[in-house]
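Just below is one structure, and these are the notes that go with it.
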Amino acid sequence: MKKALITGVTGQDGSYLAEFLLHKGYEVHGIKRRSSSFNTGRVDSIYTDLHEHNKRFFLHFGDLSDTSSLWTLLYDIRPDEVYNLAAQSHVRVSFDIPESTGDITGMGALRLLEGLRKTGVKARFYQASSSEMFGSTAPPQNETTLFHPRSPYACAKLFAHTMTVNYRESYNMFAVSGILFNHESPRRGETFVTRKIARAVAHIKAGLQEKLYLGNLDAKRDWGFAKEYVEAMWMMLQQEAPADYVIGTGETHSVRDYVEAAFGHVNLDWTRYVDFDGRYNRPAEVDALQADPDKAREQLGWRHQTGFSELVRLMVDAEIDAIERQRAGVLPAAVYNA
């Protein structure tokens, strides 16, 4: 039985990846930060009591800022695969806490890579890189496109990305980066724009909210379904040789397109409910990101299945369903079961 270690397992991607690997027959270990409040909602459906037999999913306390906890877990678990998905991943927030973002998102990856080298654990390593690294470089973007990061988050991701390349080339490690373009789901954090919009649409339709405040509506992104993207992560670690891959749909849509589709799905005129708030604008904007995923299609055989319109409907419907279930007293406020 293969063992996998996932940082950020309680997040959107981590929870989908844990489910995927368990289905593949893996023993899955996830790292979670200590918190005084429960933050395991996305993985509660796969978590079982420690005393149960045949348990294959384990949670461990750790933090990407704590070298000793990371190295100890690597040595004790001795995973076959390591997926580094943890990060301070909110781009706008990274301008407010740049040092913390750099430490967790950038240095965290280095601590894991050096931990693998020092402990001698022969695990294949996956680094969650980001399309934000391309920044202001004109689309479409692929594996050879120049990087021009426009936020502390993107700069930190670029550091982690280039360190992954460096360890691969310097120490002959099987270390790869997946440069994933925006990938969304009902498990997305509520402060991210797609989930924020979907949630607002459902609440406005139900009479629970009056207005939605957004920043730049003209920013264009390549949006896909996160549940499909975690399979690409796994595929990268199954190849004969390590390489980096761009993962995306190859299509681009603006935030305004998403708003129109989301409100249109419930037959509402979005212009009546959406107002501008400049506080949501970034100091340095990224105008357009669009993947050129040809390499992943040809070498991995990976293709997205869920289109933009279907993704929007899926997210809005999940929020509507959550409200209906909550009113019936059968589901908490959070949407994690989609």
Side-chain angles (χ1 to χ4, degrees), residues 8-20 22-23 30 32-33 35-48 57 59 85 89-90 92-93 182-215 221 223-230 253 255-270 272-275 277 280 304-338:
V9 72
T10 59
Q12 170 189 255
D13 293 5
S15 63
Y16 280 128
L17 179 62
E19 292 172 357
F20 176 84
L22 287 170
H23 182 71
K32 67 184 291 289
R33 289 177 296 169
S35 173
S36 59
S37 59
F38 289 109
N39 59 353
T40 59
R42 295 180 179 90
V43 294
D44 282 348
S45 63
I46 58 175
Y47 184 78
T48 56
F57 179 62
L59 287 176
L85 311 186
S89 58
H90 198 288
R92 179 60 189 85
V93 172
N182 294 64
H183 44 292
E184 317 298 322
S185 77
R187 299 184 187 180
R188 193 60 142 145
E190 292 178 2
T191 60
F192 289 83
V193 68
T194 51
R195 176 82 188 279
K196 179 180 177 180
I197 294 167
R199 190 170 186 272
V201 167
H203 280 70
I204 290 170
K205 184 68 173 179
L208 301 174
Q209 185 173 331
E210 294 183 357
K211 287 287 185 178
L212 169 62
Y213 295 94
L214 296 171
R221 295 293 185 269
W223 278 304
F225 185 26
K227 189 175 183 178
E228 298 169 358
Y229 283 44
V230 299
H253 299 272
V255 176
R256 181 178 282 101
D257 292 337
Y258 191 100
V259 170
E260 290 178 349
F263 277 92
H265 181 51
V266 295
N267 299 313
L268 292 177
D269 178 2
W270 71 272
R272 296 176 55 192
Y273 304 100
V274 177
D275 282 346
D277 188 338
Y280 295 121
H304 79 284
Q305 303 297 320
T306 304
F308 175 74
S309 297
E310 184 181 354
L311 175 64
V312 176
R313 292 194 298 269
L314 182 155
M315 293 186 68
V316 173
D317 286 344
E319 299 293 343
I320 293 172
D321 183 63
I323 292 173
E324 292 174 351
R325 288 175 175 266
Q326 187 178 12
R327 284 175 165 174
V330 296
L331 186 74
V335 182
Y336 293 141
N337 64 333

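Since the structure is predicted, the reported quantities are computational estimates derived from the model, not experimental observations.
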Counting only N and O atoms by type, is there a donor-acceptor contact under 3.5 Å from the side chain of [X] to the main-chain atoms of [Y]?
X	Y	result
K205	N267	no
Y258	T194	yes
R199	E190	no

Answer yes or no: is there a side-chain heavy-atom contact under 4.5 Å between [X] and [Y]?
X	Y	value
L214	I197	yes
Q209	I204	yes
V266	I320	yes
V9	F57	yes

Practice task
Show your reasoning for whether side-chain contact (heavy atoms from CB on, under 4.5 Å) applies to R195 and E319.
Solution key: CA-CA 9 Å; R195 176 82 188 279; E319 299 293 343; 2.4 Å; yes
I'd like to check the salt bridge (Lys or Arg N to Asp or Glu O under 4.0 Å) partners of [X]; sequence neighbours left out, ordered by chain and number.
X	result
D275	K211
D277	R279
R33	none

For the student: nearest non-hydrogen atoms of [X] and [Y], plus distance:
X	Y	value
V43	S15	CG1-CB, 3.8 Å
A18	I46	CB-CD1, 3.7 Å
G224	Y229	CA-OH, 3.3 Å
A200	L212	CB-CD1, 3.7 Å
W270	E260	NE1-CG, 3.2 Å
F225	E184	CD1-O, 3.3 Å

Practice task
Quick one: pull up CZ in R327 and CG in L208 and give me the separation to the nearest 0.5 Å.
Solution key: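 The CZ atom of R327 sits 5.0 Å away from the CG atom of L208.
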Enumerate, atom names and distances included, each donor-acceptor pair closer than 3.5 Å involving a side-chain atom of residues 304-316, sequence neighbours excluded.
residue: Q305; atom: NE2; partner: R303; partner atom: O; Å: 3.3
residue: T306; atom: OG1; partner: E228; partner atom: OE2; Å: 2.5

Practice task
Report the residues that fulfil ring-ring contact (aromatic ring centres under 6.0 Å, His included) with H90, sequence neighbours left out, ordered by chain and then residue number.
Solution key: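 Scan of H90 (ring-ring contact (aromatic ring centres under 6.0 Å, His included), adjacent residues dropped) gives F192.
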Problem - side-chain hydrogen bond (donor to acceptor under 3.5 Å, both in side chains) partners for D13, two or more places apart - result: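 Partners of D13 by the side-chain hydrogen bond (donor to acceptor under 3.5 Å, both in side chains) criterion, ordered by chain and then number, come out as H183.
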Handout entry: side-chain contact (heavy atoms from CB on, under 4.5 Å) evaluation trace for Q12 with S185
Key = CA-CA 8 Å; Q12 170 189 255; S185 77; 2.8 Å; yes
Practice task
Verify side-chain contact (heavy atoms from CB on, under 4.5 Å) between R92 and Y280, making sure each step is shown before the conclusion.
Solution key: CA-CA 7 Å; R92 179 60 189 85; Y280 295 121; 5.9 Å; no
